[in-house]
Amino acid sequence: MRVGLIDVDSMSRGKTKFPNLALMKLSAWHKAQGDEVEWWWGFGEYDRVYMSRVFDDTYIKDMEDPWNAKEVIRGGTGYDLKNKLPDEVERMHPDYSIYPAFANRAYGFLTRGCPRGCHFCIVAEKEGRGSHKVSD
């Protein structure tokens, strides 16, 4: 299977300040299945393209579905607070090779949720009003 990735939050800036953890985990999962994974581009054909965004379209407008993909999956809090990775993907070690500038760092979550529920924050709504351990 040929898989394309689109980091919607960094599309128009050209260079991202923060890697997209969900795309890193999806890349790792697909590579473990023997699939070919690359950043999407407008040429060639894809069996599946993942579009992921953390933020809404206040600063970066969304793009239309790629025409060269049999299936397009949009995910992340920028699309829907209820979006979640499947458990087998969530447990994957992120594929840092897709963001070479971040190879000497570690991104992930030790806990999920938040007990506070501040009015400006989506974490309690998305992950629960309470904190629970998800990793060592």
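Predicted model only: the values in this text are computed from it and were never measured.
- Remark: of the listed residues Met1, Arg48, Arg2, His30, His30 is the sole one forming a side chain to side chain contact (heavy atoms under 4.5 Å, CB included) with Val37.
- Arg53 places no side-chain N or O within 3.5 Å of a backbone atom of Gly75 that could act as its donor or acceptor partner.
- The main-chain N or O of Glu90 is found under 3.5 Å from a side-chain atom of Lys25 such that the two form a donor-acceptor pair.
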query = Run the side-chain contact (heavy atoms from CB on, under 4.5 Å) check on Trp29 and Leu85 step by step: do they pass?
reply = CA-CA 11 Å; Trp29 188 85; Leu85 292 172; over 6 Å; no

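- Closest approach of Arg129 to Pro115, counting heavy atoms only: NE-O, 2.9 Å.
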inquiry  = For Asn20 and Tyr99: C-alpha separation, side-chain torsions, deciding distance, then whether side-chain contact (heavy atoms from CB on, under 4.5 Å) applies.
reply    = CA-CA 9 Å; Asn20 185 303; Tyr99 290 102; 3.4 Å; yes

key: Residue pair Met51, Asp65: steps toward the side-chain contact (heavy atoms from CB on, under 4.5 Å) verdict   = CA-CA 9 Å; Met51 297 174 65; Asp65 284 352; 4.2 Å; yes

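- The side chain to side chain contact (heavy atoms under 4.5 Å, CB included) test with Trp40 singles out one residue from Val3, Leu5, Val72, Asn68, and that residue is Asn68.
- Annotation: the span from Leu21 atom CG to Asp95 atom CG amounts to 11.5 Å, rounded to 0.5 Å.
- In this structure, Phe43 is a member of the same hydrophobic cluster as Tyr46, with clusters built from ILVMFWY side-chain heavy atoms closer than 4.5 Å.
- Residues Ile73 and Glu71 share a closest heavy-atom pair of CD1-OE2, 3.7 Å.
- In plain terms, the two heavy atoms of Ser97 and Lys31 that are nearest each other are OG-NZ, 3.3 Å.
- One finds a salt bridge joining Arg74 and Asp62 here, because a Lys/Arg side-chain nitrogen approaches an Asp/Glu carboxylate oxygen to under 4.0 Å.
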key: Verdict with reasoning, Leu23 to Trp39, per side-chain contact (heavy atoms from CB on, under 4.5 Å)   = CA-CA 10 Å; Leu23 291 178; Trp39 289 111; 4.0 Å; yes

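- In this structure, Ile98 CD1 and Glu38 CD are separated by 12.0 Å, a value rounded to the nearest 0.5 Å.
- Distance check, rounded to the nearest 0.5 Å: CD1 of Ile6 to OG of Ser52 gives 10.5 Å.
- The distance from atom OG1 of Thr77 to atom CG of Asp9, rounded to the nearest 0.5 Å, is 8.0 Å.
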